[in-house]
Q: 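Below you will find the structure I want to go over with you.
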Amino acid sequence: MMKINLGQAVSVLANMGVLAGLLLVAIQISQSTEIAKAQLENDYYLADMQLELAMMGDSPAESWVKAVYTPDEIDAHDAAVLDRFFNFGLIQAKRLHQMQQLGLAEDEVLAEKVRYLEWHLGNETGRRWWAHYKSDDPDDEIVQLVDQAMATADYTQNKEFLDALLPVVEG
C-alpha cells in the first residue's frame, strides 16, 4: 500500500492551485485581448462616422431637404453631402453588425437600425443612392439585410412626414 505523507499532499494541492491560477490568468488575458479587439473595431467605425459627419459640413439639412422636395435640383455639392449622409447610416449598421458578431450587441439592435435605414433613405435620391451602392457589393451580409428592408420601402415617406409638420395652408 502506498503512503502519502502530509507534506506531499500539500505540495500536490499547492501545485494544482498554481496550475488553476495560471489557467485563470490565461483566460483573463484572452478575454482582455478580445475586449481590446472589440474596442479597436468600435473605434474604427466611430472614427469613420466622425469623418462622414465632418464631410457633410455645417448644414447637411439643406441638401437633404432638396433630396426630399426637389431631387432634380441637386448639384454636385448636395450629391457629396447626401452620399456621406446616406453612408453614415450604413456605417452605423455595419458597426452594429460587427459588435453583434463579437457578442456585444443584440440582434434586435441591428434589426432596428436596418429598419431605420428605410426612413434614412426614404426619398427618391436615397432610392437612387441605394441602387448604386448595393450593386458594388451585393454579397455583403449588411447589404443583403438592408436590401430586404428597402424592397418594400416607401420613398415618399420623408416628404409625407415633413409635410405633416408644416402648417396647413388654407386658401
Side-chain angles (χ1 to χ4, degrees), residues 31 33-171:
Q31 289 175 337
T33 301
E34 292 303 311
I35 290 169
K37 285 179 186 178
Q39 185 64 48
L40 286 172
E41 291 265 354
N42 191 50
D43 288 350
Y44 165 79
Y45 284 105
L46 292 175
D48 201 9
M49 290 164 50
Q50 286 296 324
L51 176 62
E52 299 293 341
L53 287 171
M55 291 178 68
M56 280 186 242
D58 294 332
S59 56
E62 291 174 17
S63 296
W64 186 72
V65 168
K66 274 189 189 179
V68 172
Y69 286 102
T70 55
D72 294 335
E73 294 179 18
I74 291 174
D75 60 22
H77 176 267
D78 296 320
V81 169
L82 291 166
D83 177 54
R84 298 302 83 203
F85 174 75
F86 297 143
N87 200 51
F88 181 85
L90 201 58
I91 290 171
Q92 289 177 316
K94 287 184 176 200
R95 174 180 166 258
L96 286 172
H97 180 257
Q98 185 61 36
M99 293 301 110
Q100 178 192 32
Q101 297 296 314
L102 295 170
L104 301 172
E106 301 296 322
D107 293 349
E108 299 81 37
V109 175
L110 176 59
E112 183 179 313
K113 182 61 195 167
V114 168
R115 280 190 308 274
Y116 179 71
L117 284 172
E118 185 177 333
W119 182 88
H120 204 82
L121 299 166
N123 54 67
E124 177 57 26
T125 308
R127 184 197 64 75
R128 291 191 313 248
W129 183 88
W130 180 247
H132 181 74
Y133 184 91
K134 73 178 184 177
S135 69
D136 285 345
D137 196 3
D139 296 327
D140 180 81
E141 189 175 346
I142 290 298
V143 169
Q144 290 175 356
L145 285 172
V146 174
D147 201 40
Q148 288 172 355
M150 298 310 294
T152 59
D154 175 7
Y155 290 103
T156 64
Q157 65 181 304
N158 292 155
K159 184 177 181 316
E160 290 171 5
F161 184 83
L162 291 179
D163 286 349
L165 300 176
L166 296 173
V168 176
V169 178
E170 295 182 28

Q: Report the residue from V168, D163, L162 that forms a side chain to side chain contact (heavy atoms under 4.5 Å, CB included) with L166.
A: D163
Q: Would M55 and L51 count as a side chain to side chain contact (heavy atoms under 4.5 Å, CB included) if you check the C-alpha gap in whole Å, the side-chain angles of each, and the deciding distance to 0.1 Å?
A: CA-CA 6 Å; M55 291 178 68; L51 176 62; 3.9 Å; yes
Q: Measure the spacing between CG of D78 and CD of E62 and express it to the nearest 0.5 Å.
A: 8.5 Å
Q: For the CD atom of Q98 and the CG atom of N42, what is their distance to the nearest 0.5 Å?
A: 10.0 Å
Q: Is any side-chain heavy atom of Y133 closer than 4.5 Å to one of L121?
A: no
Q: Is any side-chain heavy atom of W129 closer than 4.5 Å to one of L90?
A: yes
Q: Could you state the interatomic distance from CD1 (I35) to CD (Q39), rounded to the nearest 0.5 Å?
A: 9.5 Å
Q: Can you tell whether the side chains of E124 and R127 come within less than 4.0 Å, N to carboxylate O?
A: yes
Q: Could you work out, with salt bridge (Lys or Arg N to Asp or Glu O under 4.0 Å) as the rule, every residue matching D83, not counting sequence neighbours?
A: none
Q: Given E34 and K37, is the salt bridge (charged side-chain N to carboxylate O under 4.0 Å, His left out) satisfied, shown in steps?
A: CA-CA 5 Å; E34 292 303 311; K37 285 179 186 178; 3.6 Å; yes
Q: Nearest 0.5 Å, please: how far is NZ in K94 from CD in E141?
A: 11.5 Å
Q: Are any non-hydrogen side-chain atoms of K66 and D75 less than 4.5 angstrom apart?
A: yes
Q: Heavy atoms, side chains only, cut-off 4.5 Å: are L110 and M99 in contact?
A: no
Q: Taking all non-hydrogen atoms of both residues into account, name the closest pair between P71 and R128 and its distance.
A: O-NH2, 3.9 Å
Q: Does some side-chain heavy atom of V109 sit less than 4.5 Å from a side-chain heavy atom of E112?
A: no
Q: Look at the rings of H120 and F86 and say which category their plane angle falls in: under 30° parallel, 30 to 60° tilted, over 60° perpendicular.
A: perpendicular
Q: Measure the CD-OH distance between Q157 and Y155 for me, rounded to the nearest 0.5 Å.
A: 9.0 Å
Q: Counting only heavy atoms not in Y44 (residues, nucleotides, ligands), do more than 12 fall under 6.0 Å from its OH?
A: no
Q: Starting at CG of D107, measure out to NE2 of H97 and round the result to the nearest 0.5 Å.
A: 9.5 Å
Q: Enumerate, atom names and distances included, each donor-acceptor pair closer than 3.5 Å involving a side-chain atom of residues 142-150, sequence neighbours excluded.
A:
{"from": "Q144", "atom 1": "NE2", "to": "P138", "atom 2": "O", "distance (Å)": "3.3"}
{"from": "D147", "atom 1": "OD1", "to": "W130", "atom 2": "NE1", "distance (Å)": "2.9"}
{"from": "D147", "atom 1": "OD1", "to": "K134", "atom 2": "NZ", "distance (Å)": "3.0"}

Q: Measuring only between side-chain heavy atoms, which start at C-beta, is L96 closer than 4.5 Å to Y45?
A: no
